[in-house]
2 protein chains.
Amino acid sequence: MERELLLLGLLRRSDMHGYQLHEFIERNMSTCTDLKKSAAYYLLEQMEGRGWVRVSGELAEGKRPPRRIYTITEAGEAAYQQLLRENLAQAHTSVFPGNVGLAFLSDIALDEAIALLRQRRAALQAQADAVAHAPPHAGSLQYLIDHQRHHLHSELAWLEQVLNDLEQRLKGDLT
Amino acid sequence: MERELLLLGLLRRSDMHGYQLHEFIERNMSTCTDLKKSAAYYLLEQMEGRGWVRVSGELAEGKRPPRRIYTITEAGEAAYQQLLRENLAQAHTSVFPGNVGLAFLSDIALDEAIALLRQRRAALQAQADAVAHAPPHAGSLQYLIDHQRHHLHSELAWLEQVLNDLEQRLKGDLT
DNA sequence: AATTGACTAGTCAGTTTTGACTATTCCAAT
DNA sequence: ATTGGAATAGTCAAAACTGACTAGTCAATT
């Protein structure tokens with residue numbers, strides 16, 4: 001339900017059509033979801049079915065395809081209030097598919113593993129730098145950026161630990 | 001491709017059937033993926049199509065349904081080597097759908113937000129305790145547990161920061 | 001000896017998600 | 001003025017995923 005919470009939260013601020021919603025999310029909330037354009041449209045149709053949103057105007061400017069402008073309904077507002085509280089109170093467990101490789105580290109030579117993880121560290125550092133230089137956001141959106149920053153630093157620290165461990169082992173092997 | 005890397009990595013150690021694979025993953029690698037049983041079967045069929053694995057015996061013990069035992073092929077081994085290296089070298093960006101609510105914090109009263117986030121903190125703490133008391137795992141699997149531990153601590157520290165921030169603001173409002 | 005509930009093993013219909021596509025407008029450079 | 005690329009707005013078939021189900025075995029309980 002996180003995705004619908006997201007859409008409802010944005011529609012509460014102002015009526016929008018699918019493209020606008022997707023655009024805003026991609027630009028400002030990419031740390032929270034990787035919602036694709038077509039998924040956004042799908043969810044909007046779904047929520048319309050549930051009566052959470054209503055399609056208001058379908059003006060066709062020029063020869064463009066008509067834009068469906070979504071408005072949140074009272075039922076939608078109620079769902080929003082509920083979903084928001086649930087979301088804030090719960091600790092959602094995160095999974096890290098990117099780390100599966102770590103489980104198979106012993107399948108490759110120590111020195112190659114170290115080289116590969118150093119590449120990973122560089123890429124991670126690049127991400128951290130990008131977030132560090134990101135322009136500040138308005139209001140509570142800033143929390144998302146802060147969280148990402150915090151998370152990336154934590155990941156870097158952990159990777160450093162793993163690398164140290166492996167480097168120690170490499171030394172041990174050679175002597 | 002992380003899921004297929006995972007399956008290949010396990011099939012390399014020993015031949016298995018779908019149920020076994022899913023069981024092992026659920027028990028030991030839940031921090032890396034939430035692969036459902038049916039998804040596992042789907043991926044295995046797919047990988048069979050690509051020639052990465054081969055179905056070997058289909059013994060039917062008693063009146064049980066026949067078990068399809070999967071074996072990794074040479075093509076599968078090649079894919080594994082490639083996927084493992086890619087996985088280790090890349091820094092996979094993680095998204096946190098559980099945090100969308102934070103973006104809408106300003107939609108509810110400060111004191112209620114604080115109460116809700118304290119609930120979240122308690123739940124998070126419970127998760128951290130569970131990982132802390134988890135029995136140690138063999139070999140590189142331990143890295144996954146360590147990472148989860150590290151991550152949960154980082155999340156707790158961040159949440160503490162947010163709570164402090166909000167509590168400060170609450171004080172400011174009252175005076 | 002029959003019932004219950006857990007464990008093993010897998011299937012399948014229906015839902016959700018995706019990538020690739022269409023089609024128009026705007027704008028900048030050739 | 002026109003060509004080409006970005007931005008706008010959305011559709012659709014195909015791929016991926018899920019929950020709910022079947023069905024047998026085993027062990028304990030009643």
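In the text below, chain A, chain B and the rest are named by the order of the sequence lines, each starting its count at 1.
At whole-Å resolution of the value, OH in Y19(A) and P in dT22(C) are 17 Å apart. Between M16(B) atom CE and dA9(C) atom P there is a gap of 12 Å when expressed in whole angstrom units. Rounded to an integer number of Å, the gap from E45(A) CD to dC12(D) P is 10 Å. In this structure, F24(B) atom CZ and dT8(C) atom C1' are separated by 18 Å, rounded to whole Å. Rounded to whole Å, the distance from CZ on R67(A) to P on dT24(C) is 16 Å. To the nearest angstrom, C1' of dC17(D) lies 16 Å from CD of E2(B).
No contact: Q20(A) has no heavy atom under 4.0 Å from any strand.
Looking at K37(A), its side chain comes within 3.5 Å of the base of dG10(D) through a donor and an acceptor atom. Between the side chain of S38(B) and the base of dG19(D), a donor-acceptor pair under 3.5 Å is found.
For the side-chain contact (heavy atoms from CB on, under 4.5 Å) with N87(A), the lone residue among H92(A), M1(A), Q82(A) that qualifies is H92(A).
Using cut-offs of 30° and 60° for the angle between ring planes, the F96(A) and H151(A) rings count as parallel.
The shortest heavy-atom contact between L102(B) and Y143(A) is O-CD1, 4.0 Å.
Using a cutoff of 4.0 Å between basic side-chain nitrogens and carboxylate oxygens, R118(B) and E167(B) are scored as salt-bridged.
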